[in-house]
Amino acid sequence: MRELQDRLKWDKEKRMRVFYEDDKGKPFDEKWEQEYEGLKKKYGDLLAELRGDNYLIALAGPSAVGKTYAIEKLISEFGPKLKRVKNVTTRPPRDDQDKKYYYLVAKEQFLERMRNSDFLEYDEYLDNYYGSSLDEIKQVLRQANGIFAITPRGAEELYKCRFEINVVFVILQPESDAVLKQNLERRGILDKQKQLRYIEKAKYFKLPENIPHRILK
């Protein structure tokens, strides 16, 4: 705790990690959270100081559910208080606006970054790769609250960072199959079999039970 206390004094960008669990999700110390309550009385709430005041909103949901629309609406509502976190993807751009949400790279570039451990997490979804960077997240949170879209696999890795960043998980679910079908058609996905593939995939989209989250339709 003294080491963390000293680091917070001189590292204004808070470039540090907090590892609470092993690779299998098992806490290193089962009594840590209980012990931390006692340590706070002596050192103060250093982890809260590390996290700062800003929050990251992590939106999860099936393809075409409206994550981009929700992000745009919220940024429009809150202005400079809420900034977009950009992910990296191999997905072909839908339009020029995609560059606001993603760093668009070729599959070979993505795989090279995977080998170099550049990502906090990465996942493959509907034949495309997606990855996020903790450095990118923290850079945004130094300035404002952040928001971005994430896969279930990404949410698992991001949840491990909950002691060093404030994060809220939200699942967006389609109100009905008809609404999702309409969204797919707006994207130019008109093939009936492909639409059914997206709709079936959406029915099984969920986050692990251990991750606290809210569901919005």
Mind checking whether I137 and F148 have side chains closer than 4.5 Å, heavy atoms only?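 Sidechains of F148 and I137: in contact.
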Side-chain heavy atoms of L196 within contact of Q193, under 4.5 Å: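 Side-chain contact under 4.5 Å: yes.
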Report yes or no: does [X] contribute a side-chain atom to a donor-acceptor pair with the main-chain N or O of [Y] at less than 3.5 Å?
X	Y	answer
K206	K203	no
N145	Y55	yes
D118	S133	no
K14	E49	yes

To check you understand the geometry: which heavy-atom pair defines the closest contact between [X] and [Y], and what is its length?
X	Y	result
M16	L8	CE-CD2, 4.1 Å
Y102	K86	O-CE, 3.7 Å
A58	L158	CB-CD2, 3.9 Å
P62	L172	CD-O, 3.4 Å
E35	D29	OE1-OD2, 2.9 Å
R84	I75	NH2-CD1, 3.6 Å

Any salt bridge between [X] and [Y], counting N to O under 4.0 Å?
X	Y	value
K138	D11	no
K181	E185	yes
R162	E21	yes
R153	E157	yes

Which residue is it: D127, N128, D98? I am looking for the one with a side-chain hydrogen bond (donor to acceptor under 3.5 Å, both in side chains) to R91.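 Result for side-chain hydrogen bond (donor to acceptor under 3.5 Å, both in side chains) with R91: D98.
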Mind checking whether Y103 and L111 sit in one hydrophobic cluster, side chains of I, L, V, M, F, W, Y counted as touching below 4.5 Å?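 The answer is yes; both residues are in one hydrophobic cluster.
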Straight-line distance of N87 CG to L104 CG, nearest 0.5 Å: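 Going from CG on N87 over to CG on L104, the span is 11.0 Å.
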Among Y36, F28, Y20, which one satisfies ring pair (Phe, Tyr, Trp, His ring centres under 6.0 Å) with F163?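 So, applying the ring pair (Phe, Tyr, Trp, His ring centres under 6.0 Å) to F163 and each of Y36, F28, Y20, only Y20 qualifies.
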